[in-house]
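Input: a single structure, listed below in structure tokens.
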Amino acid sequence: MTAPGTRAEASAEDTDDLDVEEALALVRDAHREHRDDSTDDGAGQASAPAARSSGARPAEPHRATPWPQAREAAARAARSRARRVPVSLPLGDALGLALAAPLDALTDLPSFDTSAMDGWAVAGPGPWQVREEGVLAGHAQPEPLTDGEAVRIATGARIPADTTAVLRTEHGRIDTQGRLHTTREMLHGQDIRPRGQECRYGDQLLPVGTLVTPAVLGLAAAAGYDTVTVVPRPRAEVLVLGDELLTEGLPHDGLIRDALGPMLPSWLRAFGADVIAVRRIGDDAKALQKAITRSAADLIVTTGGTAAGPVDHVHPVLERLGAELLVDGVKVRPGHPMLLARTKDHQHLVGLPGNPLAAVSGLLTLAEPLLRTLAAHPAPEAYTLPLREAVHGHPHDTRLIPVVLRGDHAMPLHYNGPAMLRGVAAADALAVVPPGGARQGEEAELLDLPWATAGIGVCFT
């Protein structure tokens with residue numbers, strides 16, 4: 001469901017919508033609640049003996065995974081499956097994919113001696129007598145030159161045998177007798193690209209794992225390739241849950257517009273996935289189970305239904321299917337009730353919270369590392385910038401806050417509540433704020449948003 005799940009979940013994630021005093025009260029309540037909980041990081045262990053001695057049932061261990069470990073678990077889940085079968089694609093279809101085989105030169109580059117400039121091919125010392133016919137690119141091997149002879153030549157044209165150098169057009173003049181003179185000192189071999197200057201046949205041009213950029217496509221074509229062997233795009237399917245969602249018009253009568261159905265496919269494509277379907281399931285457990293069972297996607301992404309409300313069907317359906325829960329809740333705000341499960345041997349499901357910004361958090365925490373690893377893309381280099389303003393933190397969980405980058409600082413944005421998209425719509429990145437918050441000027445790790453970075457990530461198709 002897109003609306004917040006339980007009252008506790010809403011109060012834990014919506015602190016940004018409250019005034020300062022209310023937020024502080026929630027933090028104090030959270031401290032009291034966590035003091036008596038036994039968590040997976042050891043918090044509250046001192047109170048366990050007292051609970052046992054009084055006969056009370058010890059608290060269940062908190063299953064939520066710390067945020068950094070959750071991202072690692074998503075990447076590890078993709079690596080643990082059998083290697084995906086490479087495919088051979090035409091150059092025009094390979095943009096943004098990773099090479100699954102080395103790009104080895106199929107020919108010398110250049111494959112013959114060529115002119116690097118427009119001008120004259122000359123033989124011996126000048127002045128030179130100029131031939132009547134010139135040499136153009138794409139023509140057969142021209143006749144050899146003799147000492148004292150020159151011929152007009154175009155960039156990329158084959159060099160005549162016995163050529164000493166190429167004299168650039170701007171460095172030569174022709175006298176009244178039709179003889180060519182140089183206006184500058186000329187070196188032997190000047191402006192000639194010799195055969196094999198860039199590579200020789202069989203040289204490795206690029207290794208496995210290289211991202212196919214426009215420049216890689218150009219190099220592959222120059223080296224003689226019509227197709228390249230690449231890791232195929234992971235296939236993703238989106239299942240939109242919730243009976244309260246409208247697909248058009250204004251919210252009314254307790255119904256709200258679905259923000260995730262229109263948003264998620266583009267996010268997933270930006271992460272390198274091929275989105276094969278977007279299906280609207282509603283709050284129907286049987287329909288959800290049927291959709292998961294029949295899906296041929298590498299990654300299924302669901303929206304909402306990951307909490308424990310009366311129509312939150314994701315956990316019960318995964319249990320009935322015998323799915324393996326790899327991440328069941330993450331210590332991050334917003335987005336705490338996200339999950340990652342293995343539904344089949346070569347298929348995973350990422351369950352996103354229904355609140356829009358919480359869903360974005362889930363995408364960057366679980367979907368991005370998994371899809372990146374499936375596509376054999378390298379992990380982005382982590383980087384930090386100082387925060388221009390202080391950011392309040394959750395007492396125990398990481399926070400992801402939309403920021404804009406201004407010079408050498410990151411400026412936190414408002415409208416960063418779990419149900420809000422206004423902040424992230426204007427953002428360049430999300431700042432990773434550790435438990436307890438961050439002071440003004442403190443360095444924060446940044447997660448770039450796909451459209452805010454240069455390179456292949458800006459492609460949404």
Side-chain angles (χ1 to χ4, degrees), residues 11-35 39-43 62 64-75 329-336 338 355 357-358 360-366 368-369 379-418 420-454 457:
S11 64
E13 292 204 345
D14 286 346
T15 54
D16 291 315
D17 301 332
L18 307 175
D19 63 30
V20 174
E21 288 302 316
E22 290 174 312
L24 289 175
L26 279 176
V27 169
R28 286 193 295 269
D29 291 342
H31 273 299
R32 284 195 294 269
E33 291 169 5
H34 279 76
R35 267 200 307 268
T39 66
D40 59 3
D41 58 4
H62 187 40
T65 304
W67 182 78
Q69 285 88 324
R71 300 194 82 213
E72 293 168 5
V330 177
K331 295 181 179 181
V332 66
R333 306 289 167 149
H336 176 270
M338 68 182 74
N355 278 324
L357 188 59
V360 169
S361 174
L363 283 172
L364 290 169
T365 301
L366 298 176
E368 187 276 336
E381 290 289 333
Y383 75 102
T384 64
L385 282 178
L387 296 169
R388 195 173 290 277
E389 294 178 359
V391 177
H392 294 293
H394 187 274
H396 306 281
D397 296 351
T398 300
R399 284 190 75 193
L400 300 182
I401 300 295
V403 296
V404 289
L405 308 184
R406 294 291 181 263
D408 58 353
H409 283 75
M411 171 64 74
L413 293 170
H414 301 291
Y415 305 105
N416 54 32
M420 298 180 180
L421 287 174
R422 185 171 172 181
V424 74
D428 299 314
L430 294 186
V432 181
V433 179
R439 301 181 304 276
Q440 180 180 0
E442 186 173 343
E443 295 278 337
E445 179 185 351
L446 297 180
L447 302 177
D448 282 323
L449 300 181
W451 54 85
T453 56

* **Rounded distance [0.5 Å steps], CG in Asp428 versus CG in Asp448** => 8.0 Å
* **Residue pair Pro418 / Pro334: nearest heavy atoms and the distance that separates them** => CB-CB, 3.6 Å
* So, do Thr398 and Pro435 sit near enough that their side-chain heavy atoms are less than 4.5 Å apart? -> yes
* Would you give the length of the straight line joining atom CD of Glu443 to atom CG of Leu385, rounded to the nearest 0.5 angstrom? => 6.5 Å
* To do: Take atom CZ of Arg422 as the centre, draw a 6.0 Å sphere, and report whether it contains more than 12 heavy atoms from other residues, nucleotides or ligands.
  => no
* To do: First locate atom CG of Leu387, then atom CD1 of Ile401, and finally report the distance between them rounded to the nearest 0.5 Å.
  => 9.5 Å
* **Inter-residue atom distance Met338.CE - Leu366.CG, 0.5 Å rounding** => 5.5 Å
* From CA spacing to verdict: side chain to side chain contact (heavy atoms under 4.5 Å, CB included), Val432, Thr384 -> CA-CA 9 Å; Val432 181; Thr384 64; over 6 Å; no
* Structure fact -> Closest non-hydrogen atoms of Ser361 and Leu400, given as atom of the first, atom of the second and distance, are OG-CD1, 3.3 Å
* Structure fact -> On a heavy-atom basis, the closest approach of Thr65 and Ala70 is CG2-N, 3.6 Å
* To do: Drop me the distance from Arg399's CZ to Asn416's CG, to the nearest 0.5 angstrom.
  => 5.5 Å
* Structure fact -> Smallest heavy-atom separation, Pro369 atom then Ala74 atom, equals CB-CB, 4.0 Å
* For Trp67 and Asp397, run side chain to side chain contact (heavy atoms under 4.5 Å, CB included): C-alpha distance rounded to whole Å, both residues' side-chain angles, the deciding distance at 0.1 Å, then the answer. => CA-CA 8 Å; Trp67 182 78; Asp397 296 351; over 6 Å; no
* Would you mind reporting whether Thr365 and Arg71 have side-chain heavy atoms less than 4.5 Å apart? => yes
* Structure fact -> For Val391 and Pro412, the nearest pair of non-hydrogen atoms, with its separation, is CG2-CG, 3.7 Å
* Which residues pass the salt bridge (Lys or Arg N to Asp or Glu O under 4.0 Å) test with Glu72, sequence neighbours left out? -> none
* To do: First locate atom CG of Leu421, then atom CG of Leu357, and finally report the distance between them rounded to the nearest 0.5 Å.
  => 6.5 Å
